[in-house]
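To keep things clear, I will list the structure first and then write my remarks on it.
Computed over heavy atoms, backbone and side chain alike; hydrogens, waters and symmetry mates excluded. In this text the structure is predicted, and so the values were computed from the model without any measurement. Below, read A as the first sequence line, B as the second, and so on, with proteins coming before strands; counting in each chain starts at 1.
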Protein chains: 2
Amino acid sequence: MKSEQRKSEADPRGGAEPASYSISDLAKEFGITTRAIRFYEDKGLISPARRGQTRIYRPEDRVRLMLILRGKRLGFSLDESREIIDMYDPEHGNVEQLQRLLQHIEQKRTQLQQQLRDIQSLMGELDEAEARTRASLAKNKEH
Amino acid sequence: MKSEQRKSEADPRGGAEPASYSISDLAKEFGITTRAIRFYEDKGLISPARRGQTRIYRPEDRVRLMLILRGKRLGFSLDESREIIDMYDPEHGNVEQLQRLLQHIEQKRTQLQQQLRDIQSLMGELDEAEARTRASLAKNKEH
DNA sequence: CTTTACGTTTACGTTAACGTAAAGCTCTGC
DNA sequence: GCAGAGCTTTACGTTAACGTAAACGTAAAG
């Protein structure tokens, strides 16, 4: 066998999506360390299957990882990202919990709207900054 | 004198914008601690005037503080926020530095565009999550 | 059989961004 | 003149999110 064992699980179909990934597969794909991935597991954000000691990541685990990283890009803490991920399944049957979940969703939405405004204004200011910089450059060249 | 001395500086005009603020003025206005504000100064993001030992914040200092807080909302580190604030004045005459500044601006723009995409997708998912939650709620009530 | 490549757990170290005293000035109202 | 409010500096403590290293297991390749 050509050392293909420890990498992704053999794909019976054409070549669309592996059935599983190793920890370093995911680390490479997303440009992070294996330490980080294990850390996320420690914090309860992922819980991959195991073959013996070795972690096996399914496509759903990979999706969770993507959600975590998107959260990071938006400046969320791991706790916040976990809360968001938890919004994906309303298996928390309890009516009261569902009500709180709705409030939580609404609150996140408000925060995102603020971030959106922040981005818009910052983008506008970047435009101005670029203009000023180009002007400054022109002045330097004209001499 | 009516204890108005230690607060904001007396405003000669109608009542539009104070000429200066105390550190606790700003702390209250933005819902942060004075410790945080002094910390930002330590890190070189603000440098207020002084009357003796006491810090006096001008409107421009207040603006800088607002920029810092906006940066935080977008998940920027204080270093990143400083870099962004530094983009506001191309007094860095040197042509080479100006070129790098342009690159830096472009890079920030790219990052903001990614954040924008992240927000859009997350907002969509929040909508779906809300729908599922409401459905789950309905199921609970129908019984 | 030994090297090489990958995986594991355990544990101490590090950085950013403040929090939290402690100890001391300096006005202002009473 | 003294208490109190608000300012100062100095300094040690804390949390999050990993980094880094040690010490070990296992399986394929030469």
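R82(A) places a side-chain N or O within 3.5 Å of a backbone atom of K43(A) that can act as its donor or acceptor partner. No donor-acceptor pair under 3.5 Å is formed between the side chain of E130(A) and the backbone N or O of D127(A).
For R35(B) and dT20(C), a side-chain-to-base donor-acceptor distance below 3.5 Å is present, hydrogens and geometry of angles not being considered.
Look at dC2(D): its Watson-Crick or wobble partner, with both distances under 3.5 angstrom, is dG29(C). With a cut-off of 3.5 Å on both Watson-Crick or G-U wobble distances, the partner of dA29(D) is given as dT2(C).
Rounding to whole angstrom units, NZ of residue K43(B) and P of dA17(C) are separated by 8 Å. Note: CZ (R38(A)) to C1' (dG7(C)) measures 7 Å, nearest angstrom. Rounded to a whole Å, the CG atom of D42(B) is 15 Å from the P atom of dC12(D). We find that CD of E41(B) is positioned 15 Å from C1' of dC18(C), with the value rounded to whole Å. We find that CZ of R55(B) is positioned 14 Å from C1' of dC25(C), with the value rounded to whole Å. Put simply, CZ on F39(B) is 17 Å from P on dG13(D), counting in whole angstrom units. Atom CD1 in I37(A) sits roughly 14 Å away from atom C1' in dT8(C) (whole-Å rounding). Atom CD1 of I68(A) and atom P of dA17(D) are 11 Å apart (whole Å).
Side chains of S121(B) and R70(A): a donor-acceptor N/O pair is present below 3.5 angstrom, by distance only.
Between S77(B) and S24(A), it is S24(A) whose nearest contact on DNA chain C lies nearer the 5' terminus. Nearer the 5' end of DNA chain D, as judged by each residue's closest nucleotide, is the contact made by I23(B), out of D79(A) and I23(B).
Counting only heavy atoms from C-beta on, Q53(B) has its side chain closest to dT9(D) among dT9(D), dA17(D), dT8(C). Side-chain proximity of K72(B) to the nucleotides dG19(D), dA17(C), dT8(C) is greatest for dA17(C).
At least one test fails for K28(A) against the ring of Y21(A): distance under 6.0 Å to the centre or angle within 45° of the axis.
Using a 4.0 Å heavy-atom distance criterion, T33(A) is classed as a sugar-phosphate-only contact.
Look at Y40(B) and you won't find any side-chain N or O under 4.0 angstrom from OP1 or OP2 of dA17(C). For R50(B) and dT9(D), the shortest distance from a side-chain N or O to OP1 or OP2 is below 4.0 Å. Note on S22(B): every side-chain N or O is 4.0 Å or more away from OP1 and OP2 of dG6(D).
In terms of heavy atoms, L126(A) sits closest to R109(B) at CD1-N, 3.9 Å.
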